Amino acid sequence: MRDRTRGGSGFVGRELTRLLGKHGHEVTLISRKPGPGRITWAQLQSDGLPPCDGAVNLSGESILNPMRWWNESYRKDVFSSRIDTTRTLAHAIAASPNPPRSWVLITGVACYKPSLTAEYIEDSEWTPFDLLSRLVKEWEAAALLPENVAQTTKQVVIRPGVVLGRDGGAMKQMLLPFWLGLGGTLGPGTQPFPWIHVRDLAGVIAHSLGPGSSPDGPDVRPGAQVLNGVAPAQNTNYEFTKELGRALGRPTVFPVPAFVLNAMLGSERALVLTHGQRVTPKRTLETGYQYQYPDLGSALKEILFSRR
């Protein structure tokens with residue numbers, strides 16, 4: 001895994017490392033700084049990719065970083081932290097004398113145009129329509145391997161929704177206002193809210209690294225296999241808000257109007273919160289992956305009340 005913006009040691013990376021370690025796998029991070037269990041980007045470029053069974057890219061400057069204003073510099077960081085590093089890792093895989101069996105890229109559902117009615121599966125056609133969908137297009141294109149390498153290295157793209165978990169992601173920012181009774185819907189609340197528990201996202205990634213996870217069998221197909229990294233349950237922002245409020249025993253009567261989010265975050269990235277897509281993990285289920293937390297009730301119960 002790589003770790004420029006806390007990809008490997010961040011929220012999802014920690015969970016994936018824990019899961020892989022639990023099953024006896026050794027994980028090496030690609031990082032800016034050397035250390036135990038790490039190689040640097042300079043080492044990757046000079047010495048090449050070390051022997052490994054699978055490579056995973058969890059890179060990316062946070063789009064919703066509240067400490068940064070949404071300007072041209074921030075946009076460039078968002079793009080480069082994903083595309084440049086993905087391209088570097090893909091080139092290293094292609095140049096390796098013994099490339100890994102699997103190459104997994106984590107992008108997002110922003111490629112699908114927000115809609116209250118359209119339902120997207122992995123085979124749904126889409127074209128870029130805004131900044132973030134253009135990002136996904138360039139990001140996924142940067143990961144594609146040459147045809148000769150793709151004959152032996154399985155390429156998988158996982159598009160997650162909002163990742164929910166106790167130790168990071170959206171929940172970390174939402175819990176305090178909800179505990180204080182200040183929670184509410186974001187924007188209209190009617191927008192779809194595609195989500196996944198962090199343990200299930202790690203599980204889908206690990207499942208993708210293994211042989212034979214394709215519904216078409218173990219043979220490598222041209223291009224990348226796309227999996228929607230979302231829970232089978234389909235919820236709106238309103239339903240998520242009410243479910244979280246019930247779980248905490250707190251009221252949810254303070255909606256955040258869209259114009260406030262636009263002013264705070266900038267209109268381009270506020271769309272992530274005020275609009276949504278109805279996304280179904282059709283192929284993800286067909287691979288045989290079994291969700292630990294397929295519905296909001298079970299996911300929130302684990303996040304809020306379980307002892308690990």
Side-chain angles (χ1 to χ4, degrees), residues 10-12 14-15 62-67 108-110 112 114-120 132 159-204 228-267 269-281 291-308:
F11 177 42
V12 179
R14 292 193 303 270
E15 189 62 39
S62 172
I63 292 175
L64 294 176
N65 184 349
M67 304 305 294
V109 296
Y112 305 125
S115 171
L116 296 179
T117 57
E119 184 171 324
Y120 298 102
L132 296 182
R159 297 173 181 159
V162 178
V163 184
L164 302 179
R166 181 183 307 178
D167 301 322
M171 289 296 295
K172 193 171 183 178
Q173 299 182 37
M174 286 189 289
L175 279 181
L176 180 59
F178 271 81
W179 271 117
L180 296 174
L182 301 175
T185 57
L186 301 176
T190 55
Q191 69 271 30
F193 186 80
W195 62 274
I196 187 169
H197 191 289
V198 66
R199 287 189 173 179
D200 274 320
L201 179 54
V204 173
N228 285 333
V230 297
Q234 294 190 354
N235 301 101
T236 63
N237 178 261
Y238 174 86
E239 290 167 341
F240 170 78
T241 299
K242 294 303 178 184
E243 189 73 33
L244 179 55
R246 278 194 294 269
L248 293 171
R250 296 292 190 272
T252 53
V253 294
F254 292 96
V256 183
F259 75 87
V260 173
L261 293 169
N262 289 339
M264 291 173 56
L265 301 173
S267 59
R269 62 173 174 168
L271 288 173
V272 176
L273 302 177
T274 60
H275 292 67
Q277 309 88 345
R278 290 169 53 86
V279 183
T280 299
Y291 283 80
Q292 297 181 65
Y293 307 101
D295 58 80
L296 272 176
S298 61
L300 292 177
K301 181 179 179 181
E302 191 284 328
I303 292 168
L304 298 173
F305 305 117
S306 72
R307 294 183 178 181
R308 302 197 180 192

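This is a predicted model, so every value here is computed, not measured.
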Under a 4.5 Å cut-off applied to non-hydrogen side-chain atoms, are Val279 and Asn228 in contact? yes
I need the His197 NE2 to Leu296 CG distance, nearest 0.5 Å. 11.0 Å
Determine whether a donor-acceptor pair (N or O, by modelled atom type, separation under 3.5 Å) exists between the side chain of Asp295 and the backbone of Ser298. yes
Please report the closest heavy-atom contact between Phe11 and Gly169, naming both atoms and the distance. CD2-N, 3.6 Å
Are the side chains of Thr185 and Val256 in contact, using a 4.5 Å heavy-atom criterion? no
Compare all side-chain heavy atoms of Leu176 with those of Leu182 and state whether any distance is below 4.5 angstrom. no
Any donor-acceptor pair under 3.5 Å from Glu15 side chain to Val12 backbone: no
Do Gln234 and Glu119 pass the side-chain contact (heavy atoms from CB on, under 4.5 Å) test, and can you show the C-alpha distance, the side-chain angles, and the key distance before you say yes or no? CA-CA 10 Å; Gln234 294 190 354; Glu119 184 171 324; 3.7 Å; yes
Tell me, with the steps shown, if Arg278 and Tyr112 meet side chain to side chain donor-acceptor pair (under 3.5 Å). CA-CA 9 Å; Arg278 290 169 53 86; Tyr112 305 125; over 6 Å; no
Test item: Lys172 side-chain N/O and Arg166 main-chain N/O as donor-acceptor pair under 3.5 Å: no
Which heavy atom in Pro281 sits nearest to a heavy atom in Ala231, and how many Å separate them? CD-O, 3.9 Å
Min side-chain heavy-atom separation Tyr291-Ile196 under 4.5 Å: yes
Pairwise distance CG(Leu175) to CG(Leu248) - rounded to 0.5 angstrom: 6.5 Å
Short question: side chain of Arg269, backbone of Asn65 - any donor-acceptor pair under 3.5 Å? yes
For Leu300 and Glu243, the nearest pair of non-hydrogen atoms, with its separation, is CD1-CG, 3.6 Å
Test item: Leu273 and Leu265 side chains (from C-beta on) under 4.5 Å apart, heavy atoms: yes
Roughly how far, to the nearest 0.5 Å, is OG1 of Thr190 from CG of Asn237? 8.5 Å
Which heavy atom in Val230 sits nearest to a heavy atom in Gly161, and how many Å separate them? CG1-N, 3.7 Å
Hey, does the side chain of Asn235 reach the backbone of Phe193 with a donor-acceptor pair shorter than 3.5 angstrom? no
Val162 side chain near Leu164 side chain, heavy-atom distance below 4.5 Å: yes
Do any N or O atoms from the side chain of Arg250 and from the backbone of Gly245 form a donor-acceptor pair under 3.5 angstrom? no
I'd like to know whether Leu261 forms a side-chain contact (heavy atoms from CB on, under 4.5 Å) with Leu186, so could you lay out the CA-CA distance, the side-chain angles of the two residues, the decisive distance to 0.1 Å, and finally the verdict. CA-CA 8 Å; Leu261 293 169; Leu186 301 176; 4.2 Å; yes
Would you check if Arg199 and Glu302 make a side-chain contact, meaning some heavy-atom pair closer than 4.5 Å? yes
Considering only heavy atoms from C-beta outward, does the side chain of Thr280 approach that of Tyr120 to under 4.5 Å? no
Evaluate the side-chain contact (heavy atoms from CB on, under 4.5 Å) criterion for residues Thr252 and Leu244: first the C-alpha distance (whole Å), next the side-chain angles of each, then the deciding distance (0.1 Å), finally the verdict. CA-CA 9 Å; Thr252 53; Leu244 179 55; over 6 Å; no
Tell me the closest heavy-atom pair linking Thr274 and Pro188, and the distance in Å. O-CD, 4.0 Å
Shortest non-hydrogen contact between His275 and Pro114, atoms and distance: CB-CB, 3.7 Å
Test Met171 against Phe178 for side-chain contact (heavy atoms from CB on, under 4.5 Å), laying out the working first. CA-CA 10 Å; Met171 289 296 295; Phe178 271 81; over 6 Å; no
